[in-house]
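Data block below; observations after.
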Amino acid sequence: MTIDFRAAVYRAPNEPLVVETVTLPSTPPPGDVLVRLRSSGLCHSDLHVMVGEWEAPAPMILGHEGAGVVERVGEGVTSVQPGDHVVLSWTPSCRRCAYCITGRPVLCDKASETSANHLSFDGRSRVTAGEEDVLSFAGLGTFGEYTMVPESAAIAVRQDAPFEQAALVGCAVATGVGASVNTARVQPHDSVLVIGCGGVGLNAIQGARLVGARQIIAVDVSAAKLDQARTFGATDTVNSVDEDLPGAVARLTGGRGVSVSIEAIGLPRTIEAAYGALARGGTAVVAGQVPDGVTITIDPFVMSDQELSLIGSNYGSSRPDVDFPLLVDHYMHDRIDLDSLVTGVISLDDVNEGFAEMRRGRGIRSVIRY
């Protein structure tokens with residue numbers, strides 16, 4: 001038995017996604033979960049693939065930020081059951097490798113071999129279009145009405161949370177809040193600089209606010225986004241079109257620099273700027289996703305002499321089993337704002353226009369409602 005469903009399929013770079021009918025098995029194999037999607041966010045990572053900045057195989061269902069309802073589970077699945085509401089994780093964990101058992105599941109060996117290559121844990125694709133195998137981006141493929149994922153990719157959350165907001169927990173929220181809370185481990189006495197006020201950057205800002213950072217400086221080239229940053233918790237804003245960033249940071253920090261900086265765009269010059277804004281002993285976190293082949297230049301003497309740190313943040317260093325339900329709880333108790341992130345609700349047929357709006361710099365997140 002199979003399920004036919006509609007999905008937005010990537011077939012070539014710089015071409016529109018094609019909404020077409022594809023097929024899944026109706027019965028999950030052992031360890032897998034069949035999920036009916038209810039919502040999916042449009043993320044810049046999907047756009048990197050669409051415009052050819054990231055090399056990716058085709059055909060493939062894009063989308064990796066989704067929430068839905070469990071329809072069926074395979075043999076051996078115990079953590080979710082039919083009817084559960086779930087947020088999907090694009091770094092499922094084997095729960096056995098050295099990274100998983102030491103609390104760093106986003107670095108899971110199994111996921112790096114399979115999900116990172118858009119495959120299920122057994123190294124196969126679950127979706128077909130006629131005789132053709134169709135991959136699922138990051139092992140999820142949330143631009144479709146259904147998906148089949150490993151058990152550890154389906155994280156049960158409370159059922160009173162709206163799907164559009166819950167979906168964003170699966171990427172932008174976990175990545176941004178986690179960059180502040182988990183990766184940088186921001187403390188109340190810290191001054192924090194966030195460069196880029198898109199979905200990830202705004203969540204890094206509210207992550208810093210969540211832990212009580214004394215100063216949060218938001219940087220962007222858009223006055224509208226800087227206004228949004230203030231509503232998410234920024235204490236100061238800098239429009240880098242109008243003001244030199246190093247000078248602005250010096251002005252706002254009494255010449256010291258910041259203790260934590262978070263780059264949330266993915267450009268070499270902004271990564272270098274985040275590092276250059278640090279006070280002695282400071283930490284710069286790279287949360288933005290760069291195109292393939294991008295490199296940066298830093299001075300290693302200054303790094304050692306001033307004890308500076310430059311570190312990466314994958315998925316906000318999250319532990320999805322713990323962090324996803326917690327982030328949903330934070331939202332439901334008004335500790336973080338997810339409502340303002342959703343600036344457009346669209347249908348699957350409007351997915352290409354949603355990405356056109358993203359390229360125009362409009363809104364924060366468009367979310368597909370199924």
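Basis for what follows: all heavy atoms, side chains included, without hydrogens, waters or symmetry-related copies.
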Would you say the side-chain atoms of Asp350 and Ser347 include a donor-acceptor pair closer than 3.5 Å? yes
Do NZ/NE/NH1/NH2 and the carboxylate oxygens of Asp190 and Arg214 come within less than 4.0 Å? no
Would you call the rings of His48 and Trp54 parallel, tilted or perpendicular if under 30° counts as parallel and over 60° as perpendicular? parallel
Take Arg6 and Asp349 through the salt bridge (charged side-chain N to carboxylate O under 4.0 Å, His left out) test and state the conclusion after the steps. CA-CA 10 Å; Arg6 299 171 74 242; Asp349 292 309; 2.5 Å; yes
Return the OG1 to CZ distance between Thr114 and Phe121, rounded to the nearest 0.5 Å. 5.0 Å
Can you tell which of Asp84, Val86, Val77 makes a side chain to side chain contact (heavy atoms under 4.5 Å, CB included) with Val33? Val77
Do Tyr331 and Asp337 get their side chains close enough for a donor-acceptor pair, meaning under 3.5 Å? no
Is Ile265 reachable from Ile298 through a run of hydrophobic residues whose side-chain heavy atoms are each under 4.5 Å from the next? yes
How long is the span from the CZ atom in Phe355 to the CG atom in Leu42, to the nearest 0.5 Å? 3.5 Å
Between Asn203 and Gln206, is any side-chain donor less than 3.5 angstrom from a side-chain acceptor? yes
Can you measure from OH (Tyr10) to CG (Asp46) and round to the nearest 0.5 angstrom? 12.0 Å
When you compare the side chain of Met148 with that of Pro29, does any pair of heavy atoms fall below 4.5 Å? yes
Honestly curious: do Leu202 and Val258 fall in one hydrophobic cluster under the side-chain, below-4.5 Å linking rule? no
Under the side-chain contact (heavy atoms from CB on, under 4.5 Å) rule, what do Phe324 and Ser89 come out as? Steps first, then yes or no, please. CA-CA 9 Å; Phe324 286 12; Ser89 165; 3.8 Å; yes
Between Ser191 and Ser259 (side chain of the first, backbone of the second, donor and acceptor by atom type, cut-off under 3.5 Å), is there such a pair? yes
When rounded to the nearest 0.5 angstrom, what distance separates CG in Leu278 from OG1 in Thr283? 7.0 Å
Could you check if a side-chain atom of Val211 sits within less than 4.5 angstrom of a side-chain atom of Ser180, using non-hydrogen atoms only? no
Would you call Glu65-Arg365 a salt bridge at under 4.0 Å N-O? yes
Audit row: Ser79, Glu151, side-chain hydrogen bond (donor to acceptor under 3.5 Å, both in side chains) steps and yes/no: CA-CA 7 Å; Ser79 61; Glu151 176 182 7; 2.7 Å; yes
Quick check: do Thr237 and Ile217 have side-chain heavy atoms less than 4.5 Å from each other? no
Heavy atoms, side chains only, cut-off 4.5 Å: are Phe5 and Thr21 in contact? no
Taking C-beta and beyond as the side chain, do Ser340 and Phe232 meet within less than 4.5 Å on heavy atoms? yes
One should read off an interatomic distance between Ile271 CD1 and Thr295 OG1, to the nearest 0.5 angstrom, of 10.0 Å
So that I can tick it off, tell me whether Glu132 and Arg11 are bridged by a salt bridge, with the cut-off set at under 4.0 angstrom between side-chain N and carboxylate O. yes
Positive for side chain to side chain contact (heavy atoms under 4.5 Å, CB included) with Val238, one of Val221, Ile195, Val219, Asp244: Val219
Strictly distance-based, threshold 3.5 Å: is any side-chain N or O of Asp220 a donor or acceptor partner for the main-chain N or O of Cys197? yes
Side chains of Leu210 and Ile336: does their closest heavy-atom pair fall under 4.5 Å? yes
Can a side-chain donor-acceptor contact be found between Ser317 and Asn182 if the only test is distance below 3.5 angstrom? no
Answer yes or no: is there a side-chain heavy-atom contact under 4.5 Å between Leu47 and Val51? yes
For the CG atom of Leu62 and the CG atom of Leu140, what is their distance to the nearest 0.5 Å? 11.5 Å
Could you check whether any side-chain heavy atom of Leu308 comes within less than 4.5 Å of a side-chain heavy atom of Tyr275, counting everything from C-beta outward? yes
Which atoms form the tightest heavy-atom contact between Ser39 and Val367, and what is the distance? CB-CG1, 3.9 Å
Residue pair Glu263, Arg269: steps toward the salt bridge (charged side-chain N to carboxylate O under 4.0 Å, His left out) verdict: CA-CA 10 Å; Glu263 197 278 349; Arg269 67 179 182 274; over 6 Å; no
Any idea which heavy atoms bring Ala174 and Leu327 closest together, and the distance? CA-CD1, 3.9 Å
Is Ile311 reachable from Val286 through a run of I, L, V, M, F, W or Y residues, each pair having side-chain heavy atoms under 4.5 Å apart? no
Go through it in stages, so that I can follow the logic: the residues are Glu145 and Arg38, the test is salt bridge (charged side-chain N to carboxylate O under 4.0 Å, His left out), and I'd like the CA-CA distance, side-chain angles, deciding distance and then a yes or no. CA-CA 7 Å; Glu145 295 164 332; Arg38 296 293 300 275; over 6 Å; no
Main chain of Ile346, side chain of Glu353: is a donor-acceptor contact present, judged purely on distance under 3.5 Å? no
Report the C-alpha separation of Asp321 and Arg95 in whole Å, then their side-chain angles, then the decisive distance to 0.1 Å, and conclude whether the salt bridge (charged side-chain N to carboxylate O under 4.0 Å, His left out) test is met. CA-CA 11 Å; Asp321 284 325; Arg95 298 170 175 166; 3.1 Å; yes
Would you tell me whether Ser45 and Gln289 have side-chain atoms, one donor and one acceptor, within less than 3.5 Å of each other? no
